[in-house]
Amino acid sequence: MEIHLVHPVHPRPDEFVGIQEMLRQQVRTNRPLTFSGLSTVAGVDIAYGEQEGMETGFCHIALFKLPSMEIIERAESQGPITVPYMPGFLTFRELPLILDAAQKLQNVPDLFMFDGNGILHPRRMGIATHASFFLGKPTIGIAKTYFKVGETEYLQPAPEKGSFTDIIVGGEPIGRAVRTSAGVKPVFVSPGNQIDLSSATDIALQLTGPDSRIPVPVREADIQTRNMRRR
DNA sequence: GCGACAG
DNA sequence: ATCTTGTCGC
């Protein structure tokens, strides 16, 4: 698929904040999307390892057909990781490999799901949101642990599957703690771009099976990503 | 110096 | 994220 080069893929660290603030003005999270209206969904993830003394990243994108949930395509990429991990700037560390893999896709997914946040971020620019500008498609962020924005803590949702609590910052709901599986830790769902919060929550829940609290597409990418490390 | 900290 | 063994439980 085609990638839109919104800005250089390897900006200097002193440009990080400026890029995030620039893109922030173009985020649109008011569009409803229905699960039944989706034909395909892609799960994206990256694992880390070492090759020849270099920190190396392994990216995998798994494309699912709906509603069969059949995997119709996979795309991978791997290479040295040059940017250190800094909370709030995960995108700059992982985006290069994600775009390398996405560019190889023969099919254009209707939606991408990421391991990490969307607008549940200090500058509303988590990896799912940031990547959407390069992909030109709706995205959703699924984080396994809470990334505190400002002083906002999250309230524990009820133990039943499907329950959730809004995470409100400055009067705006920018994410939800969602119980995707009964009695287990919640996941943190937030719109990346081109989709609203309730649609993102609904889709995340419908794509979560009984085996894991993580939506299937992201879980699949996570599993494949570690297999890559072994070879 | 101390605490916080998506992946 | 990754480093790491066994162990408790369904």
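Since we're looking at a predicted model, the values are computed, not measured.
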Between atom [atom1] in [X] and atom [atom2] in [N], what is the gap in whole Å?
X	N	atom1	atom2	value
A:D222	C:dT2	CG	C1'	13 Å
A:R229	C:dT4	CZ	P	12 Å
A:R226	C:dA1	CZ	C1'	9 Å

pair [X]-[Y]: side-chain heavy atoms closer than 4.5 Å:
X	Y	value
A:F114	A:I98	yes
A:E160	A:R179	no
A:F58	A:R226	no

Mark up nucleotides 2-7 of chain B, 5' to 3', with B wherever a protein heavy atom is under 4.0 angstrom from a base atom, S wherever such an atom reaches only the sugar-phosphate, and - elsewhere. ---BBB

Take atom NZ in A:K185; do more than 12 heavy atoms of anything else shown fall under 6.0 Å from it?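 Counting other residues, nucleotides and ligands, NZ of A:K185 stays at 12 neighbours or fewer.
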
Could you tell me whether a side-chain N or O of A:R231 sits under 3.5 Å from a main-chain N or O of A:M228, the two making a donor and an acceptor? no

Please confirm whether the backbone N or O of A:N193 pairs with a side-chain atom of A:T139, one donor and one acceptor, at under 3.5 Å?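 Yes: the side chain of A:T139 pairs with the backbone of A:N193.
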
B:dC5 versus C:dT2 - spacing of their C1' atoms, nearest Å: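 Approximately 15 Å lies between the C1' atom of B:dC5 and that of C:dT2.
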
